[in-house]
Amino acid sequence: MAVMDAILKDLTESQIDAVTHLDGPLLMLAGPGSGKTRVVTHRIAYMISQGIAPSQIAALTFTNKAADEMRLRVEKLVPGQSVWMGTFHRFCAQLLRRYAPMVGLAENYSIYDTSDSKQAMKRAIEVADVSTSHTSPEQIASTISRAKNRLVTPEMMLASSKRSGPTMASKVYPQYQQQLLTANAVDFDDLLLHIALLLRDNPELRAQLDARFRYILVDEYQDTNLAQYAIVRALSIDHPNLSVTGDPDQSIYGWRGADLNNILDFEKDYPSVKTVRLEQNYRSTPNILRVADQLIQHNRRRKQKELYTHNDEGDPVVLRIYHNGYEEADAIADEISNAMAVEGFRPRDFAILYRMNALSRSLEHAMRRRGLPYQIINGLEFYQRKEIKDLLAYLHLINNPRHDVALQRILNTPTRGIGAKTIQRLRGYADRHNVPMLDAARQVDQIEGLAKRSATCVTRFVELFDRLSLKATASIEDLLRYVVEETKYEAFLLKSHVDEQDSSAVANVDELITAGVEFDRYHPDDGSLELFLEQTALVADTDAFEDENDRITVMTLHAAKGLEFPRVFVIGVEDGLLPHSRSRDTDAGMEEERRLLFVGITRAKERLQLSCCKSRTFRGDSRPAVPSPFFNEMPLDEIRRVESEVQQNWFDDDPYGNSYPDSWDLPEEDSEANQDSEPNQDSGSAVHEKPDSLFDETCQLTEQDREQEIAKRKKKTRAPLASLQTAAEMLASGSAPPLTVYREGTQVRHGEYGEGTIVSVTGRGPKRTAMIRFDDGERNFRLAFANLEVIGG
DNA sequence: TGGCAAAGGCTTTTT
DNA sequence: GCCTTTGCCA
């Protein structure tokens with residue numbers, strides 16, 4: 001049979017083993033580049049070819065992108081079949097649409113994004129009346145989020161905190177849930193939580209859905225949390241045809257509640273499981289694979305596996321040491337541009353990966369200056385833009401008039417005379433009566449202490465809203481255009497960006513409308529406002545990735561999971577960055593960081609470069625950087641180490657005025673540059689005894705380097721690095737603005753407040769701040785801005 | 001009330 | 001360095 005041939009052709013024995021497994025639990029342990037997606041898609045095709053109804057199959061992925069990819073490939077094998085494929089969150093969102101009333105919601109419920117839920121959280125904290133002096137809303141939010149991922153309800157949290165006294169989170173959690181319920185909204189975690197609890201508490205519904213989704217496939221199983229575990233478990237009792245794929249070594253979402261035990265204990269949960277191991281790697285060269293393998297051997301919580309490949313040896317992995325982040329970015333951009341010109345690589349062949357989004361900036365500069373086409377996949381993108389959030393807030397409120405966060409956002413946007421005070425009054429009224437704020441706005445006359453004028457403005461807003469609501473069933477495009485027009489939104493944008501060259505805001509509005517047009521075209525029949533909003537809420541940053549675009553890809557290591565590129569650069573492989581300083585303290589944290597680097601390394605097919613810098617600009621000023629301890633866990637003898645030469649004109653060529661800080665700092669802060677890199681004494685007991693840590697000479701500034709740098713800086717007119725010169729020298733050379741020494745006891749005169757005495761000086765660089773005592777009290781000034789005159793001391 | 005400028009604070013990763 | 005909050009003035 002032809003279809004069958006196509007499905008099983010070119011598969012290895014163990015792959016066929018997995019593909020042809022139909023009934024009963026299946027665990028696929030698949031190393032990087034082992035053709036996992038291929039096996040999963042072929043398996044779906046095989047199932048269908050064996051007569052299993054596509055409607056009984058659900059494939060759950062981690063990102064929409066992975067789902068799209070899967071859909072595309074299944075479509076090729078068995079055209080026209082409709083298997084449900086999508087993310088866990090989308091899966092739950094759609095179930096919840098249907099069963100919303102069972103958890104106290106209406107089916108037009110809204111999905112709060114992170115910033116929405118932060119707003120709700122603040123309000124909950126206010127209502128719960130707890131002091132946040134020792135925590136932040138974010139901290140409480142993350143505690144509650146973790147609780148939800150572990151299926152802990154407000155009642156459970158309260159009960160468990162009975163003994164030690166209620167915690168901040170246990171007091172806020174019920175309030176927060178009340179906020180969401182009143183607003184007919186859920187947050188990301190609730191999507192999973194509601195469904196998990198629904199399945200647990202309603203045996204009939206559970207059985208019904210178990211039968212409906214008879215075959216469930218879960219991708220990236222190593223990244224599932226308890227809530228997700230409970231959901232798939234509940235759907236696989238009568239029909240335990242659950243197949244999961246994953247790689248414990250690629251679990252990188254522990255911070256989000258992912259529980260490695262889900263995959264490590266799968267065989268215990270389902271004793272009759274068939275386990276298939278896919279260990280052959282079809283992606284990378286042996287050189288790359290050995291580095292990855294030796295690194296990950298240092299993790300203890302894992303399942304041992306043998307990675308091997310029949311690919312050609314290829315080039316050695318390169319470890320590159322740069323002076324600073326700007327050089328790193330420039331050199332990589334040059335290298336890419338060279339490889340394209342000389343070796344015929346395409347932009348899409350390259351990926352640059354890093355631990356934090358903040359590291360993308362210098363890369364962006366470097367590539368833009370060379371005219372290299374690139375795509376940055378990062379947070380704070382399109383849907384986070386103010387103008388987009390504003391317009392979507394209108395749509396959200398039209399779809400769900402109880403959406404309080406949206407209401408508060410647009411009540412005075414564009415400005416229409418409704419101030420913070422008025423909004424606060426409305427909120428207070430709403431909280432007291434336990435009603436949505438829009439209802440409060442409709443009853444504005446009954447709110448005491450509100451100025452007549454404010455009340456009129458509110459009423460006018462309600463009228464506007466009612467007018468907009470009449471268009472609720474129009475196409476998304478029409479609705480958006482109508483909103484923009486009725487609110488005079490563009491005029492508002494133009495007015496608020498008068499002197500800026502920021503025309504991008506208006507362009508973004510157009511782009512949103514375009515997105516609406518596309519949605520309308522894609523959903524001629526089933527398109528609804530609700531669905532549009534759901535889609536925009538559940539898009540991830542990684543989904544913006546388009547591989548048909550011929551561009552260099554720039555993104556975080558997290559976002560890179562599941563992708564592959566011929567040439568990969570991992571930048572910023574430095575202690576404190578990778579591993580990140582906030583993960584360094586625990587073994588679990590370190591292991592996850594190690595896995596993260598493992599994921600980065602194994603994205604590369606042909607060539608891999610890891611790089612670190614001697615100094616890195618961070619939060620405004622540059623600090624010495626130390627290579628990642630992970631380098632000591634790699635086969636260094638087969639890695640090619642290249643230290644960039646000191647470029648003669650490097651500092652003069654530097655296009656960014658700030659690669660070295662101007663000298664605001666007082667000489668006493670010298671020491672920082674000198675107390676380099678003690679190669680992490682506290683951590684790494686096992687690998688520690690290598691005294692010849694290869695970085696001794698390379699990654700600390702040698703005396704010679706230092707002298708060269710001093711010489712070069714002296715030539716410049718810009719203020720030199722304070723740590724390398726005394727204030728007197730700077731004055732003598734005329735290279736610095738007259739350096740005023742502000743210290744405790746210095747007498748100063750302020751243009752406005754008169755004479756005073758400096759009590760203390762804190763902070764560094766442009767943020768250096770002095771506390772000055774005047775006759776009428778103490779005030780803080782930033783020395784860089786304050787207009788101070790020294791009169792003595 | 002609204003607009004602006006300065007101070008404050010903060011950065012891991014994302015559905 | 002950048003975004004958010006605050007505090008002051010028209």
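Reminder, nothing fancy here: chain letters follow the sequence lines and each chain counts from 1. No hydrogens, no waters, no symmetry mates; every other heavy atom, side chains included, goes into these values.
Residues A:D219 and A:T61 have side chains that never bring a donor and an acceptor to within less than 3.5 angstrom of each other. Under 3.5 Å, the side chains of A:S115 and A:K389 contain a donor-acceptor pair of N or O atoms. A:N64 and A:R90 form a side-chain donor-acceptor contact under 3.5 Å, judged by distance and modelled atom types alone. Side chains of A:D259 and A:Y229: no donor on one and acceptor on the other come within 3.5 Å.
Look at CZ on A:R385: it is 12 Å from P on C:dT4, rounded to the nearest Å. Here B:dT15 presents its C1' atom at 10 Å from CD1 of A:I111, a figure rounded to the nearest Å. With rounding to whole Å, A:R453 atom CZ is found 11 Å from B:dG2 atom C1'. Atom-to-atom, NE2 of A:H580 to P of B:dT13 comes out at 7 Å; the value is rounded to the nearest Å. Whole-Å rounding puts the A:L359 CG to B:dT13 P distance at 9 Å. Going from atom CG of A:D259 over to atom P of B:dT15 covers 20 Å, rounded to whole Å. In this structure, the OH atom of A:Y354 is 14 Å from the C1' atom of B:dT14, given to the nearest Å. Whole-Å rounding puts the A:M356 CE to B:dT14 C1' distance at 16 Å.
Qualifying ring-ring contact (aromatic ring centres under 6.0 Å, His included) partners for A:F598, counting only residues two or more places apart in sequence or in other chains: none. Take A:R301 and apply the side chain to side chain contact (heavy atoms under 4.5 Å, CB included) test, not counting sequence neighbours, and it matches A:L260, A:N261, A:L264, A:E591.
Note on A:R361 versus A:E364: no salt bridge recorded, every NZ/NE/NH1/NH2 to OD/OE distance being 4.0 Å or above. Between A:D390 and A:R385, none of the side-chain N atoms (NZ, or NE/NH1/NH2) sits under 4.0 Å from a carboxylate O, so this pair counts as no salt bridge.
Within the 4.0 angstrom heavy-atom criterion, no nucleotide atom of any strand lies near A:L557. Counting any heavy atom pair closer than 4.0 Å across all strands shown, A:F618 reaches no nucleic acid atom. Residue-level contact check: A:K148 touches neither bases nor backbone, having no heavy atom under 4.0 Å from any strand.
Taking only side-chain nitrogens and oxygens, A:N412 never comes nearer than 4.0 Å to OP1 or OP2 of B:dT1. OP1 or OP2 of B:dT14 has at least one side-chain nitrogen or oxygen of A:N357 nearer than 4.0 Å. When the side-chain nitrogen and oxygen atoms of A:K118 are compared with OP1 and OP2 of C:dT4, none of them lie within a distance under 4.0 Å. Considering only side-chain N and O atoms, A:S454 lies under 4.0 angstrom from the phosphate OP1 or OP2 of B:dT1. The phosphate of B:dT14 (OP1 or OP2) has a side-chain N or O of A:T556 nearer than 4.0 angstrom. The phosphate of B:dT1 has OP1 or OP2 within less than 4.0 Å of a side-chain N or O from A:T422.
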Symbol by symbol from the 5' end, with Watson-Crick or G-U pairs under 3.5 Å, [ ] crossing and | another strand, DNA chain B is ||||||||||.....

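For the pair A:A537 and A:G417, nearest-nucleotide mapping onto DNA chain B gives the more 5' position to A:G417.
For A:A358, counting side-chain heavy atoms from C-beta on, the closest listed nucleotide (B:dT14, B:dT11, B:dT1) is B:dT11. Checking C:dT5, B:dG2, B:dT14 against every side-chain atom of A:T415, the shortest atom distance belongs to B:dG2. When distances are taken from the side chain of A:F188 to each of B:dT14, B:dT15, B:dT11, the shortest belongs to B:dT15. Comparing B:dT13, B:dT1, B:dT15 against the side chain of A:K421 picks out B:dT1 as the nearest.
With centroids closer than 5.5 Å and planes inclined by less than 30 degrees as the test, A:F88 and the base of B:dT15 fail to qualify as a stacked pair.
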